[in-house]
Amino acid sequence: MSHKHLRIPELAIDDPSNEALEDFPPEKRLLIAMVQRALVDYIAPEKGKAHLQYDAGAWIFSHKVTPFSLFWVCEVLSTDPQGLRNRIQI
């Protein structure tokens, strides 16, 4: 699955031009970019970069609630982390 096909509207991932990100303050755009990168690395890792898929999966499926963990990021972005996880399991 190519990252072009990711559809997670609440994180503005369904807008290929990312124009929807203009509505978010810079710090939230940074957090959205973190989630986007993790999703791309997990779902469609670059050839020869399996370690990125492993690291992204570890971050996505971690149960830690610490600054910059998926739970923390989703809380800041008012997004359900489990709903996100359910949509991307491969």
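Residue numbers start at 1 and run along the sequence shown. Because only heavy atoms are used, hydrogens play no part in the values below, and waters and symmetry mates are left out as well, while side chains stay in.
There is a path of hydrophobic side-chain contacts, each under 4.5 Å, that joins Phe61 to Val35. Residues Val73 and Leu30 do not share a hydrophobic cluster, defined by chaining ILVMFWY side chains whose heavy atoms lie under 4.5 Å apart. Linking ILVMFWY residues whenever their side-chain heavy atoms come closer than 4.5 Å, directly or via other members, leaves Met34 and Leu52 in distinct clusters.
Partners of Pro25 according to the side-chain contact (heavy atoms from CB on, under 4.5 Å) rule, which considers only residues two or more places apart in sequence or in another chain, are Glu27, Lys28. Arg37 is linked by a side chain to side chain donor-acceptor pair (under 3.5 Å) to Asp41, counting only residues two or more places apart in sequence or in another chain. Every residue was checked against the ring-ring contact (aromatic ring centres under 6.0 Å, His included) condition with Tyr54, not counting sequence neighbours, and none meets it.
Separating the CH2 atom in Trp59 from the CZ atom in Phe68 is a distance of 10.5 Å, to the nearest 0.5 Å. Between the CD atom in Gln36 and the CZ atom in Arg29 there is a gap of 12.0 Å [rounded to 0.5 Å]. Rounding to the nearest 0.5 angstrom, the gap separating the CG atom in Leu70 from the NE2 atom in His63 is 10.5 Å.
For Ser62 (side chain) and Ile60 (main-chain N/O), no donor-acceptor pair under 3.5 Å exists by modelled atom type.
Taking the side chain as every heavy atom from C-beta outward, Ile32 and Phe24 approach each other to under 4.5 Å.
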Assess whether side-chain contact (heavy atoms from CB on, under 4.5 Å) is satisfied between Ile88 and Tyr42, documenting all intermediate values. CA-CA 9 Å; Ile88 63 159; Tyr42 183 70; 4.1 Å; yes

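Through direct or indirect side-chain contacts shorter than 4.5 Å among Ile, Leu, Val, Met, Phe, Trp and Tyr, Val65 is connected to Phe71.
Within the structure, salt bridge (charged side-chain N to carboxylate O under 4.0 Å, His left out) contacts touching residues 47-75 (residues at least two apart or in different chains) do not occur.
When all heavy atoms are compared, the tightest approach of Ala38 to Ala56 is O-CB, 3.3 Å.
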